[in-house]
Amino acid sequence: METSLARDLMSDEEWAFFERFILTVRAPNGRKPTNHRLVLDGIFWIARTGSPWRDLPEEFGKWSSVYRQFRRWTLAGLWEQIMDALNESGAVPHALQMIDSTVVRAHHQAAGVKRGTPRQGFGRSRGGFTTKIHLLVNAAGLPMRTEITAGQTSDYLGFDLVMADNLPTPSVLLADRGYDADSIRETMDKRNVLPVIPMRKSRKKRVGVDRSLYRLRNLVERCFNKLKNARRVATRYDKTAESFLGFIDITSIRLWLRHLST
(Lines give C-alpha, C1' and ligand atoms only; values in the text may rest on other atoms or scores of the structure.)
Protein backbone atom coordinates (compact mmCIF):
# COMPACT_ATOMS: atom_id res chain seq x y z
CA MET A 1 0.00 0.00 0.00
CA GLU A 2 0.99 3.61 -0.38
CA THR A 3 2.93 5.25 2.43
CA SER A 4 -0.05 7.45 3.38
CA LEU A 5 -2.13 4.32 3.94
CA ALA A 6 0.59 2.25 5.58
CA ARG A 7 0.67 4.52 8.63
CA ASP A 8 -2.78 3.21 9.59
CA LEU A 9 -1.86 -0.47 9.32
CA MET A 10 -1.57 -2.46 12.53
CA SER A 11 1.55 -4.29 13.58
CA ASP A 12 1.28 -8.06 14.04
CA GLU A 13 1.32 -7.55 17.82
CA GLU A 14 -1.51 -5.01 17.67
CA TRP A 15 -3.61 -7.27 15.46
CA ALA A 16 -3.02 -10.24 17.81
CA PHE A 17 -4.48 -8.13 20.62
CA PHE A 18 -7.59 -7.09 18.69
CA GLU A 19 -8.15 -10.55 17.20
CA ARG A 20 -8.81 -12.12 20.60
CA PHE A 21 -11.78 -9.83 21.13
CA ILE A 22 -13.05 -9.90 17.55
CA LEU A 23 -13.30 -13.69 17.61
CA THR A 24 -15.80 -13.43 20.48
CA VAL A 25 -18.16 -11.30 18.35
CA ARG A 26 -19.69 -13.75 15.90
CA ALA A 27 -21.60 -12.80 12.78
CA PRO A 28 -25.33 -13.37 13.42
CA ASN A 29 -25.79 -15.28 10.16
CA GLY A 30 -22.91 -17.66 10.84
CA ARG A 31 -21.07 -16.78 7.63
CA LYS A 32 -17.31 -17.14 7.43
CA PRO A 33 -15.77 -13.82 8.53
CA THR A 34 -14.07 -11.56 6.03
CA ASN A 35 -10.53 -10.23 6.39
CA HIS A 36 -11.16 -8.52 9.70
CA ARG A 37 -7.62 -7.25 9.96
CA LEU A 38 -7.99 -5.30 6.73
CA VAL A 39 -11.42 -4.07 7.79
CA LEU A 40 -10.00 -2.80 11.07
CA ASP A 41 -7.19 -1.04 9.23
CA GLY A 42 -9.83 0.66 7.09
CA ILE A 43 -11.67 1.83 10.21
CA PHE A 44 -8.42 3.24 11.57
CA TRP A 45 -7.94 5.16 8.31
CA ILE A 46 -11.40 6.71 8.60
CA ALA A 47 -10.73 7.62 12.25
CA ARG A 48 -7.43 9.34 11.48
CA THR A 49 -8.41 11.22 8.33
CA GLY A 50 -12.01 12.10 9.17
CA SER A 51 -12.96 11.22 5.60
CA PRO A 52 -16.47 10.15 4.54
CA TRP A 53 -16.94 6.38 4.37
CA ARG A 54 -17.40 6.58 0.61
CA ASP A 55 -13.85 7.95 0.28
CA LEU A 56 -12.29 4.87 1.85
CA PRO A 57 -9.43 3.70 -0.43
CA GLU A 58 -10.29 0.52 -2.32
CA GLU A 59 -7.21 -1.16 -0.83
CA PHE A 60 -9.23 -1.64 2.36
CA GLY A 61 -12.14 -3.26 0.55
CA LYS A 62 -15.64 -2.09 -0.29
CA TRP A 63 -16.49 0.93 1.84
CA SER A 64 -20.03 -0.23 2.59
CA SER A 65 -18.75 -3.58 3.90
CA VAL A 66 -16.22 -1.87 6.17
CA TYR A 67 -18.90 0.51 7.43
CA ARG A 68 -21.37 -2.30 8.15
CA GLN A 69 -18.74 -4.23 10.08
CA PHE A 70 -17.86 -1.10 12.08
CA ARG A 71 -21.53 -0.71 13.02
CA ARG A 72 -21.84 -4.39 13.96
CA TRP A 73 -18.83 -4.23 16.25
CA THR A 74 -19.96 -0.92 17.71
CA LEU A 75 -23.50 -2.06 18.49
CA ALA A 76 -22.14 -5.34 19.90
CA GLY A 77 -20.11 -3.33 22.43
CA LEU A 78 -16.73 -4.53 21.16
CA TRP A 79 -14.87 -1.30 21.88
CA GLU A 80 -16.28 -1.06 25.40
CA GLN A 81 -15.24 -4.66 26.08
CA ILE A 82 -11.68 -3.88 25.06
CA MET A 83 -11.57 -0.71 27.17
CA ASP A 84 -12.88 -2.63 30.19
CA ALA A 85 -10.20 -5.29 29.72
CA LEU A 86 -7.46 -2.66 29.55
CA ASN A 87 -8.72 -0.94 32.70
CA GLU A 88 -8.89 -4.24 34.56
CA SER A 89 -5.48 -5.44 33.38
CA GLY A 90 -3.54 -3.58 36.07
CA ALA A 91 -0.95 -2.60 33.46
CA VAL A 92 -1.14 1.05 34.53
CA PRO A 93 -1.53 2.39 38.10
CA HIS A 94 -4.99 3.79 38.79
CA ALA A 95 -4.49 5.37 42.22
CA LEU A 96 -4.29 8.81 40.59
CA GLN A 97 -7.01 9.78 38.13
CA MET A 98 -8.11 12.98 36.38
CA ILE A 99 -11.39 14.11 34.88
CA ASP A 100 -12.20 16.86 32.39
CA SER A 101 -14.37 17.69 29.40
CA THR A 102 -14.01 19.32 26.00
CA VAL A 103 -16.45 20.58 23.41
CA VAL A 104 -16.14 19.56 19.75
CA ARG A 105 -18.05 21.01 16.85
CA ALA A 106 -20.50 18.83 15.01
CA HIS A 107 -20.51 18.95 11.22
CA HIS A 108 -23.81 20.08 9.76
CA GLN A 109 -24.17 16.72 8.00
CA ALA A 110 -24.24 15.01 11.41
CA ALA A 111 -27.65 16.54 12.14
CA GLY A 112 -30.98 15.02 11.24
CA VAL A 113 -30.94 11.67 13.04
CA LYS A 114 -34.45 10.32 13.52
CA ARG A 115 -34.21 9.84 17.29
CA GLY A 116 -33.55 13.50 17.99
CA THR A 117 -30.50 15.60 18.70
CA PRO A 118 -30.40 15.61 22.56
CA ARG A 119 -30.52 11.81 22.74
CA GLN A 120 -27.61 11.56 20.32
CA GLY A 121 -25.44 14.05 22.21
CA PHE A 122 -26.03 17.17 20.12
CA GLY A 123 -26.65 20.59 21.58
CA ARG A 124 -26.00 24.30 21.37
CA SER A 125 -23.17 26.02 23.19
CA ARG A 126 -20.87 28.97 22.56
CA GLY A 127 -19.24 26.96 19.80
CA GLY A 128 -22.54 26.48 17.98
CA PHE A 129 -23.79 22.98 17.13
CA THR A 130 -21.64 20.90 19.49
CA THR A 131 -21.06 17.73 21.48
CA LYS A 132 -19.22 17.57 24.80
CA ILE A 133 -16.77 14.74 25.50
CA HIS A 134 -16.32 13.78 29.16
CA LEU A 135 -13.06 11.97 29.90
CA LEU A 136 -11.50 10.10 32.81
CA VAL A 137 -7.79 9.27 32.56
CA ASN A 138 -5.27 7.41 34.72
CA ALA A 139 -1.83 8.41 35.98
CA ALA A 140 -0.28 7.57 32.60
CA GLY A 141 -2.65 9.98 30.86
CA LEU A 142 -4.54 7.13 29.19
CA PRO A 143 -8.33 7.20 28.71
CA MET A 144 -10.31 5.06 31.13
CA ARG A 145 -13.87 6.09 30.26
CA THR A 146 -15.43 8.53 27.81
CA GLU A 147 -19.03 9.64 27.50
CA ILE A 148 -20.71 12.28 25.36
CA THR A 149 -23.52 14.72 26.02
CA ALA A 150 -24.99 17.80 24.37
CA GLY A 151 -22.47 20.64 24.19
CA GLN A 152 -24.20 22.75 26.85
CA THR A 153 -24.30 19.97 29.48
CA SER A 154 -22.68 20.78 32.81
CA ASP A 155 -19.57 19.00 34.02
CA TYR A 156 -21.54 17.81 37.05
CA LEU A 157 -23.57 15.46 34.88
CA GLY A 158 -20.46 14.35 33.04
CA PHE A 159 -18.88 13.39 36.35
CA ASP A 160 -21.71 10.99 37.13
CA LEU A 161 -21.42 9.43 33.67
CA VAL A 162 -17.71 8.61 33.67
CA MET A 163 -17.17 7.70 37.33
CA ALA A 164 -18.65 4.25 36.86
CA ASP A 165 -18.70 1.63 39.62
CA ASN A 166 -17.04 -0.98 37.41
CA LEU A 167 -13.86 1.08 37.05
CA PRO A 168 -10.86 0.90 39.40
CA THR A 169 -11.42 3.36 42.25
CA PRO A 170 -8.76 6.08 42.57
CA SER A 171 -7.15 7.25 45.77
CA VAL A 172 -6.86 10.80 44.41
CA LEU A 173 -9.00 12.55 41.77
CA LEU A 174 -7.84 15.74 40.07
CA ALA A 175 -10.32 18.13 38.44
CA ASP A 176 -10.69 21.84 37.71
CA ARG A 177 -13.11 24.11 39.57
CA GLY A 178 -15.87 23.24 37.12
CA TYR A 179 -16.30 20.11 39.25
CA ASP A 180 -16.46 21.99 42.55
CA ALA A 181 -19.83 20.83 43.82
CA ASP A 182 -20.95 19.52 47.19
CA SER A 183 -22.49 16.45 45.56
CA ILE A 184 -19.19 15.53 43.88
CA ARG A 185 -17.19 16.03 47.06
CA GLU A 186 -19.69 13.93 49.01
CA THR A 187 -19.52 11.14 46.44
CA MET A 188 -15.73 11.11 46.62
CA ASP A 189 -15.84 11.10 50.42
CA LYS A 190 -18.11 8.03 50.41
CA ARG A 191 -15.62 6.27 48.12
CA ASN A 192 -12.65 7.29 50.29
CA VAL A 193 -11.23 9.32 47.41
CA LEU A 194 -9.29 12.55 47.99
CA PRO A 195 -10.64 15.25 45.62
CA VAL A 196 -8.00 17.75 44.52
CA ILE A 197 -10.35 20.39 43.11
CA PRO A 198 -9.87 24.17 43.39
CA MET A 199 -12.86 25.91 44.95
CA ARG A 200 -15.04 28.42 43.18
CA LYS A 201 -14.47 32.04 44.15
CA SER A 202 -18.02 32.28 45.50
CA ARG A 203 -17.28 29.69 48.19
CA LYS A 204 -17.20 31.16 51.70
CA LYS A 205 -15.56 28.14 53.30
CA ARG A 206 -12.24 27.54 51.58
CA VAL A 207 -10.34 24.26 51.22
CA GLY A 208 -6.79 24.41 49.90
CA VAL A 209 -5.34 22.10 47.25
CA ASP A 210 -1.90 20.63 46.77
CA ARG A 211 -0.69 22.73 43.82
CA SER A 212 2.23 20.43 42.98
CA LEU A 213 -0.21 17.53 42.71
CA TYR A 214 -2.80 19.59 40.87
CA ARG A 215 -0.29 20.42 38.14
CA LEU A 216 -0.41 16.78 37.05
CA ARG A 217 -3.91 17.51 35.73
CA ASN A 218 -2.29 18.58 32.47
CA LEU A 219 -2.19 14.86 31.64
CA VAL A 220 -5.91 14.88 30.87
CA GLU A 221 -5.50 17.96 28.66
CA ARG A 222 -2.66 16.27 26.80
CA CYS A 223 -4.84 13.19 26.39
CA PHE A 224 -7.52 15.29 24.70
CA ASN A 225 -4.87 16.65 22.32
CA LYS A 226 -3.82 13.11 21.40
CA LEU A 227 -7.43 11.99 20.89
CA LYS A 228 -8.07 14.98 18.62
CA ASN A 229 -5.21 13.93 16.35
CA ALA A 230 -7.89 11.61 15.02
CA ARG A 231 -9.97 13.95 12.88
CA ARG A 232 -13.04 11.80 13.32
CA VAL A 233 -12.84 12.73 17.01
CA ALA A 234 -11.78 16.38 16.62
CA THR A 235 -14.93 17.09 14.58
CA ARG A 236 -18.10 15.07 14.91
CA TYR A 237 -19.35 13.74 11.59
CA ASP A 238 -21.43 10.84 12.97
CA LYS A 239 -25.17 11.12 13.33
CA THR A 240 -25.46 8.56 16.13
CA ALA A 241 -23.90 8.69 19.58
CA GLU A 242 -22.82 5.04 19.27
CA SER A 243 -20.69 5.66 16.20
CA PHE A 244 -19.04 8.80 17.56
CA LEU A 245 -18.25 7.09 20.86
CA GLY A 246 -16.95 4.14 18.85
CA PHE A 247 -14.33 6.32 17.16
CA ILE A 248 -13.34 7.85 20.50
CA ASP A 249 -12.92 4.39 22.04
CA ILE A 250 -10.97 3.10 19.03
CA THR A 251 -8.57 6.03 19.28
CA SER A 252 -8.30 5.49 23.05
CA ILE A 253 -7.45 1.81 22.60
CA ARG A 254 -4.68 2.62 20.15
CA LEU A 255 -3.22 5.11 22.64
CA TRP A 256 -3.17 2.34 25.24
CA LEU A 257 -1.46 -0.12 22.90
CA ARG A 258 1.20 2.38 21.88
CA HIS A 259 1.93 3.13 25.53
CA LEU A 260 2.12 -0.54 26.49
CA SER A 261 4.37 -1.36 23.54
CA THR A 262 7.00 1.07 24.84
Side-chain angles (χ1 to χ4, degrees), residues 1-89 91-92 110 113 120 133 142-148 166 226-262:
M1 289 190 180
E2 298 178 4
T3 304
S4 60
L5 302 184
R7 64 185 295 184
D8 298 295
L9 301 182
M10 290 176 285
S11 65
D12 291 339
E13 292 77 12
E14 191 173 3
W15 166 240
F17 173 84
F18 278 103
E19 186 179 25
R20 290 179 294 167
F21 295 93
I22 288 174
L23 290 177
T24 66
V25 183
R26 302 292 182 181
N29 53 18
R31 291 187 300 176
K32 185 178 180 180
T34 55
N35 186 344
H36 284 160
R37 179 171 181 171
L38 190 62
V39 168
L40 199 53
D41 283 331
I43 294 172
F44 292 162
W45 186 88
I46 292 290
R48 180 181 65 83
T49 64
S51 300
W53 284 100
R54 292 179 181 272
D55 291 346
L56 183 71
E58 60 183 11
E59 289 88 343
F60 294 115
K62 191 176 180 180
W63 75 266
S64 57
S65 298
V66 177
Y67 168 74
R68 283 195 297 269
Q69 188 60 66
F70 165 75
R71 285 292 293 175
R72 290 192 195 104
W73 285 336
T74 298
L75 296 177
L78 174 63
W79 320 120
E80 290 93 336
Q81 292 175 29
I82 297 176
M83 286 298 299
D84 288 343
L86 290 169
N87 284 318
E88 295 167 3
S89 67
V92 177
V113 68
Q120 299 301 331
I133 303 175
L142 296 172
M144 296 181 67
R145 176 64 54 84
T146 54
E147 294 289 347
I148 63 171
N166 67 327
K226 292 176 183 177
L227 289 173
K228 289 182 179 181
N229 283 333
R231 294 181 181 178
R232 200 83 184 198
V233 175
T235 300
R236 178 172 175 178
Y237 297 98
D238 296 282
K239 292 180 180 293
T240 67
E242 298 94 345
S243 289
F244 185 53
L245 269 172
F247 280 117
I248 298 173
D249 284 342
I250 288 168
T251 307
S252 299
I253 293 166
R254 299 203 82 185
L255 290 179
W256 269 84
L257 297 183
R258 289 168 189 165
H259 176 83
L260 296 177
S261 68
T262 58

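Just the heavy atoms: all of them, side chains too, but no hydrogens, waters or symmetry mates, feed the values below. Predicted, not measured: the structure shown is a model, and the values here were computed from it.
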*Which pair of heavy atoms, one from Asp41 and one from Met10, lies closest together, and at what distance?*
OD1-N, 3.0 Å
*Heavy-atom closest pair, residues Leu86 and Leu260*: CD2-CD1, 4.3 Å
*State, with a plain yes or no, whether a side-chain heavy atom of Arg71 is found less than 4.5 Å away from one of Ser243.*
yes
*Side-chain contact, heavy-atom cut-off 4.5 Å: Leu142 with His259?*
yes
*Using a 4.5 Å cut-off on heavy atoms from C-beta on, say whether the side chain of Leu257 contacts that of Phe18.*
yes
_Show the nearest heavy-atom pair for residues Val66 and Val39, with the distance to one decimal._
CG1-O, 3.8 Å
*Could you give me the CA-CA distance, side-chain angles and deciding distance for Ile43 and Tyr67, then say whether side-chain contact (heavy atoms from CB on, under 4.5 Å) is met?*
CA-CA 8 Å; Ile43 294 172; Tyr67 168 74; over 6 Å; no
*asked:* Which heavy atom of Leu56 sits nearest to which heavy atom of Gly61, and what is that distance?
replied: CD2-O, 4.2 Å
*Considering all heavy atoms of both residues, which atom of Ala234 and which atom of Lys228 are nearest to each other, and what is their separation?*
CB-O, 3.4 Å
_Nearest-0.5 Å distance, OG1 of residue Thr24 to CG of residue Leu78_ = 6.5 Å
*So how far is it from Glu80 CD to Thr146 OG1, rounded to the nearest 0.5 Å?*
8.5 Å
*Would you say Asn166 and Arg145 make side-chain contact, with heavy atoms under 4.5 Å?*
yes
*For residues Ser252 and Leu255, determine if any side-chain heavy atom of one lies less than 4.5 Å from a side-chain heavy atom of the other.*
no
*Distance in Å, Gln81 CD paired with Asp249 CG, rounded so as to fall on 0.5 Å steps*: 11.5 Å
_Nearest 0.5 Å, please: how far is CG in Leu40 from CD1 in Ile250?_
7.0 Å
*Donor + acceptor pair across side chains of Ser51, Arg232 (<3.5 Å)*: no
*Hey, which of Trp15, Phe70, Trp73 is the one that makes ring-ring contact (aromatic ring centres under 6.0 Å, His included) with His36?*
Trp73
*Indicate yes or no for a side-chain donor-acceptor contact from Glu242 to the backbone of Leu75 under 3.5 Å, with no hydrogens or angles considered.*
no
*For Leu227 and Val233, which heavy atoms make the closest approach, and how far apart are they?*
O-CB, 3.6 Å
*Do Glu14 and Arg258 meet the salt-bridge criterion of a basic N to acidic O distance under 4.0 Å?*
no
_From CG (Leu9) to CD (Glu59), nearest 0.5 Å_ = 10.0 Å
*Note, Arg37 side chain near Glu19 side chain (heavy atom, < 4.5 Å)*: no
*Once the angle between the rings of Phe247 and Trp53 is folded into 0 to 90°, is it parallel (under 30°), tilted (30 to 60°) or perpendicular (over 60°)?*
tilted
*Tell me, do Ile148 and Ile248 make a side-chain contact under 4.5 Å, heavy atoms counted?*
yes
*Any Trp256 side-chain heavy atom under 4.5 Å of Pro143 side chain*: yes
_Rounded distance [0.5 Å steps], CZ in Arg254 versus CZ in Arg48_ = 9.5 Å
